[in-house]
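Every chain is numbered from 1, with letters handed out A, B, ... down the list of sequences. Values below: every heavy atom of this structure, side chains too, minus hydrogens, waters and symmetry copies.
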Protein chains: 2
Amino acid sequence: MVDDPQKAGDNGIMVVNLDMVFSALADPTRRAILAMLLEDDMAVTDVAEPFQMSLAAISKHLGILAEAGLISREKRGRVIWCKLEPDALRAGSVWMQGFGQFEPVDLDAFERFLEEELAATGAETETTLTPSA
Amino acid sequence: MVDDPQKAGDNGIMVVNLDMVFSALADPTRRAILAMLLEDDMAVTDVAEPFQMSLAAISKHLGILAEAGLISREKRGRVIWCKLEPDALRAGSVWMQGFGQFEPVDLDAFERFLEEELAATGAETETTLTPSA
DNA sequence: CGGATCGTCAACCATGTGGTTGAATATGCC
DNA sequence: GGCATATTCAACCACATGGTTGACGATCCG
């Protein structure tokens, strides 16, 4: 087993630690990684490629994301594939929407954020969100 | 002016720093404070009352929440009133819903969580979320 | 005025975080 | 086997975070 994520209970109900989820999301590098994984599953080396920092640093970030339950990692051969796990995010989203008083989602705002953040991080995956639909 | 929050641009569109918003939300004390402010505006001393920690510590937490734009503070007499500012939260919510792929909100999950966290402020903060569909 | 209350500030401390580098562990390939 | 690739581990460093305490300015009240 590669991951040691937040484990699901016997009843199959996911247990999410909001401390971990939000502090994982507080880092722009990690949010950029999530944005990349939104496109497709990726190997660790490929995740690290657009960033300036070392592979070890990215590996740590992936560990934090996995502990928070935001991604899962599966080893196939010598490559570890990273996959977005939206359930933990949904838990945070539920919490925030509660405080946001359930107003409708502004999709344009979301795309603006993603573009800004990807640009600012230097992760030049220019096709990340815009063309997909 | 009491606060030095994230300022609104000339166009009146709020500029939200997701780093600040998420790292502010990563602390259970601060989330509990937001939950309290969801009920009503409160004076700093009253905010601090249910917590074990010092007033100075709560004052710091309120500073962090204000810098993130999550609350505002207004001084009236010698009392500083704290008020929830849902706009910054909504920005984070938009971001998260994007990753959550716009699934419907589970209101029951949110209410369960709020009860838990208010009941045990400072304790382990977890929320349960039924698996996706 | 003098004293009590409200809240912050400053200094300090322990621990956590994000990064580095170099060594170590697996796995695939010839 | 032997070497290259993929990823983590361990030690280290600078700095941020969350808490404390004590002093301080501001405000209300008798």
Mapping W81(B) and D27(A) onto DNA chain C by nearest heavy atom, which one lands closer to the 5' end? W81(B)
Measure CG/L55(A) against C1'/dA4(D) and give the value in whole Å, please. 15 Å
Starting at atom CG of L62(A), determine the distance to atom C1' of dT17(C), rounded to an integer number of angstrom. 16 Å
Between M53(A) (CE) and dT8(D) (P), how many Å, whole number? 15 Å
When you get a sec, tell me which of dA6(D), dG22(C), dT8(C) is the closest nucleotide to the side chain of A56(A)? dG22(C)
Measure from the side-chain heavy atoms of T45(B) and tell me the nearest of dG18(C), dC6(C), dT8(C). dC6(C)
Using the side-chain heavy atoms of R78(A), tell me which of these nucleotides is nearest: dT27(D), dG18(D), dA4(D). dA4(D)
Within this structure, what is the CD1-to-P distance between I58(B) and dT21(D), rounded to whole angstrom? 14 Å
State yes or no: do L55(B) and M42(B) share one hydrophobic cluster built from I, L, V, M, F, W and Y residues joined by side-chain heavy-atom distances below 4.5 Å, directly or via other members? yes
Using a 4.5 Å cut-off on heavy atoms from C-beta on, say whether the side chain of P50(B) contacts that of M36(B). yes
Just checking I64(A): base, sugar-phosphate only, or nothing, at a heavy-atom cut-off of under 4.0 Å? sugar-phosphate
Is the backbone of S23(A) close enough, under 3.5 Å, to the side chain of R30(A) for a donor and an acceptor to pair up by distance? yes
What is the distance from CG of D19(A) to C1' of dG16(C), rounded to the nearest Å? 13 Å
Identify which nucleotide among dG19(C), dT27(D), dG7(C) has an atom closest to any side-chain atom of K75(B), counting heavy atoms from C-beta outward. dT27(D)
How would you label the contact of R30(B) with the nucleic acid (heavy atoms, under 4.0 Å): base, sugar-phosphate, or nothing? sugar-phosphate
Run through I80(A), I58(A), I71(A) and flag the one making a side-chain contact (heavy atoms from CB on, under 4.5 Å) with V47(A). I58(A)
Give, for atom CG of L25(B) and atom CG of L18(B), the distance between the pair rounded to the nearest 0.5 Å. 10.0 Å
Taking only N and O in the side chain of S54(A), is any of them less than 4.0 Å away from OP1 or OP2 of dT20(C)? yes
Confirm from the modelled atom types if K60(A) and dG19(C) form a donor-acceptor pair under 3.5 Å, side chain to base only. yes
Closest to the H61(A) side chain: dG7(C), dT8(C), dG18(C)? dG18(C)
Within this structure, what is the OG1-CD distance for the pair T29(B) and Q52(B), rounded to the nearest 0.5 Å? 10.5 Å
What nucleotide among dA4(C), dT20(C), dT21(D) has an atom nearest to a side-chain atom of A57(A)? dT20(C)
How long is the line joining CD of E49(A) and P of dT7(D), in whole Å? 13 Å
What distance do L38(A) atom CG and I33(A) atom CD1 have between them, rounded to the nearest 0.5 Å? 13.5 Å
Whole angstroms only, please: what is the CZ-P distance between F51(B) and dT20(D)? 12 Å
Decide yes or no on side-chain contact (heavy atoms from CB on, under 4.5 Å) for D41(A) and C82(A), but give the supporting numbers first. CA-CA 6 Å; D41(A) 299 358; C82(A) 304; over 6 Å; no
Rounded distance (Å) that lies between atom P of dC9(C) and atom CD1 of I80(B): 9 Å
Reckon S59(A) has a side-chain N or O less than 4.0 Å from the OP1 or OP2 of dT7(D)? no
Roughly what angle, to 10°, lies between the helix axis at the start of the helix from dG7(C)-dC24(D) to dC30(C)-dG1(D) and the one at its end, five pairs per end? 30°
